[in-house]
Amino acid sequence: MSISNWVQKSLEQGSWIRRMFEEGVALKQQYGEENVFDLTLGNPIMDPPAEFYQELRKLVENPEPGMHRYMENAGYAQTRAAVAAQLSLESGINFTKDDIVMTCGAAGASNVVLKTILNPGDEVIIFAPYFAEFINYIENHGGVVKILPTDEQFVPNLDILETAINTKTRAVLINSPNNPSGAVYGDSFLSQLGEVLTRKENEYGKQICLINDAPYQKIVYDGIECPQIWPYYQHSIVVTSHSKDLALPGERIGYIAIHPGFDRRQEMVDGFIHCNRILGFVNAPALMQRVVRCLQTVTINIAEYQRKRDFLYDHLTEMGYSMIKPPGTIYMFPKSPMADDVTFVNELQQWRVLTVPGSGFGSPGYFRISFAVEDWTLEGSLAGFRKVAQKLGL
Ligand SMILES: Cc1ncc(COP(=O)(O)O)c(C=O)c1O
């Protein structure tokens, strides 16, 4: 055997999203790109905003000596200061550059944080439906995944959380706005979550980290703002990126922010910086750090995603599909009209509409749609959705 048992197991379990994506590639070869309606991947359809190209052009036209060299593993001080200034404005809490570590995306940030905090056997609690990579990230660093349910609105049940926390619990990993459900956790929920965690910390005399994976923080609709975790819990960490809000997923630029009031904060930050290095990221991409430094107040046109969400939501609900209108992200998570979500997704696939079964996110009975696609894809998918709805008598 050439690969490790863990990697073999992980490969076998695979990712539903990848599996559906590969099915899509095969269907596109067979029927032509324009006849396959692929709603599987959360890959932003929009290009980055004009300001991104302006900053990039400035850098290319005025190169600074040394701008491609190694740097501090935490990232450029000026970039971290710009991120901290924006976070302070948004949260009313005083962040400094020393609370920020620049990373290779939110995925890099999660891995750095988990590597820093986990001892073998430590438990990390996540909530279904979850971003499936969380399981890999936790297991990458010897952690044990504990999955808890959410309610009909996809909000975690805090009574269940309270009884699930034990002496081995090291962290609770949330993701708001949520992939795949689109749920945005409100202030009152976050406040109660903070109370539960504080109570449990006191009961067990140990620190429990609350990590919010928040790359969709700014992708929210109907004029709402996504509440931040900072006011509600001192041992908070945010892992995030500009993959979605600036449409830069291929550029791998993100950061970790830690609550300024975190106990032994400096030790934790030193750990992050060290792990950024030893996991082989070394530092976040230099050019991107320089660009996003100037773009902290800029986002892609969120109204465009809202228009796509509304279009699809209106049509699908009119056909009889049942779902919560997602207040954030680029996903919807309707109920599967068939008891078995995999069978339902296969049924849709017969009409060349590709979605992902909820089972891939730990929530059978649902399916995920990404609406970050071209309008022709959304429009073209409707016929397939309608055929299946009619067949099932919705
Ligand atoms: C919930 C969630 N977390 C993390 C990531 C990874 O983001 P990044 O590209 O910043 O690594 C994604 C990407 O789709 C995501 O949906």
Side-chain angles (χ1 to χ4, degrees), residues 15-18 20-21 38-46 48 75 83 100-115 124 126-138 140 145 147 150 154 156 171-185 210-220 226 229 237-257 272 275-276 279-281 283-285 288-289 291-292 295 299-300 305 326-333 356 358 360-363 368-373:
S15 144
W16 264 108
I17 301 176
R18 277 280 143 199
M20 295 309 294
F21 176 71
D38 187 347
L39 309 173
T40 56
L41 274 189
N43 206 0
I45 191 66
M46 279 182 246
V83 169
I100 310 295
V101 174
M102 300 307 294
T103 61
C104 295
S110 293
N111 275 281
V112 165
V113 169
L114 293 165
K115 174 80 176 168
V124 179
I126 61 174
F127 300 92
Y130 48 76
F131 176 54
E133 297 291 28
F134 284 164
I135 295 183
N136 290 321
Y137 299 165
I138 294 164
N140 275 347
V145 181
I147 301 168
T150 53
F154 304 114
V172 174
L173 172 54
I174 60 171
N175 163 222
S176 172
N178 186 269
N179 173 7
S181 71
V184 173
Y185 299 162
L210 174 63
I211 306 167
N212 188 19
D213 176 46
Y216 303 94
Q217 178 84 25
K218 294 189 177 154
I219 319 276
V220 287
C226 177
I229 58 176
I237 297 167
V238 165
V239 290
T240 188
S241 74
H242 295 297
S243 292
K244 314 286 169 165
D245 60 17
L246 291 174
L248 296 174
E251 301 299 346
R252 314 307 306 134
I253 184 69
Y255 60 87
I256 303 166
F272 297 157
C275 292
N276 213 19
L279 285 173
F281 299 120
N283 54 251
M288 284 304 124
Q289 287 197 50
V291 174
V292 302
L295 300 181
T299 63
I300 39 111
Y305 280 143
T329 76
I330 50 180
Y331 311 104
M332 320 185 155
F333 204 53
V356 187
F361 307 93
S363 287
R368 191 191 78 170
I369 298 171
S370 165
F371 55 84
V373 295

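Owing to the predicted nature of the structure, the values given are computational and were not obtained by experimental measurement. In listed order, ligands and their atoms are each counted from 1.
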Student: Would you say that Y305 contacts I219 through its side chain, given a criterion of any heavy-atom pair below 4.5 Å between the two side chains?
Tutor: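 Result yes, sub-4.5 Å side-chain heavy-atom pair found.
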Student: Just need the protein heavy atom nearest to atom 3 (N) of ligand 1, so name the residue and atom and give the distance.
Tutor: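 Answer, as residue, atom name and distance: D213 OD2, 2.4 Å.
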Student: Looking only at protein heavy atoms, which one is nearest to atom 11 (O) of ligand 1, and what is the separation?
Tutor: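 The closest one turns out to be R252 NH2, 2.7 Å.
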Student: Just need the protein heavy atom nearest to atom 12 (C) of ligand 1, so name the residue and atom and give the distance.
Tutor: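 Checking every protein heavy atom, the shortest distance to atom 12 (C) of ligand 1 gives F131 CZ, 3.5 Å.
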Student: Are any of the N or O atoms of N175 closer than 3.5 Å to those of ligand 1?
Tutor: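 Looking only at distances, the answer is no, because the N/O contact criterion of under 3.5 Å is not met.
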Student: Taking 4.0 angstrom as the limit and counting only heavy atoms of P215, give me the atoms of ligand 1 inside it, by number and element.
Tutor: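 By the 4.0 Å cutoff, the relevant atoms are 2 (C), 3 (N), 4 (C).
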Student: Evaluate the side-chain proximity of S110 to I211: yes if any heavy-atom separation is below 4.5 Å, no if none is.
Tutor: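 Not touching, per the 4.5 Å side-chain cut-off.
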Student: What is the ring orientation for H242 with Y255, classed by angle as parallel under 30°, tilted 30 to 60°, or perpendicular over 60°?
Tutor: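 Correct class here is tilted.
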Student: Any non-hydrogen atom of H242 lying under 4.0 Å from ligand 1?
Tutor: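 No.
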Student: Which residue owns the protein heavy atom closest to atom 14 (O) of ligand 1, what's the atom, and how far is it?
Tutor: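 Nearest neighbour among protein heavy atoms for atom 14 (O) of ligand 1, to 0.1 Å: K244 NZ, 2.9 Å.
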Student: Distance to 0.1 Å, residue and atom name: give those for the protein heavy atom nearest to atom 7 (O) of ligand 1.
Tutor: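 For atom 7 (O) of ligand 1, the nearest protein heavy atom comes out as A106 CB, 3.9 Å.
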Student: Apply the side-chain contact (heavy atoms from CB on, under 4.5 Å) test between L248 and each candidate in E251, K244, R252; give the one that qualifies.
Tutor: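 With L248 as partner, E251, K244, R252 yield a single side-chain contact (heavy atoms from CB on, under 4.5 Å), made by E251.
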Student: Do the side chain of N179 and the main chain of S181 share a donor and acceptor less than 3.5 angstrom apart?
Tutor: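 No, because the side chain of N179 does not come within donor-acceptor range (under 3.5 Å) of the backbone of S181.
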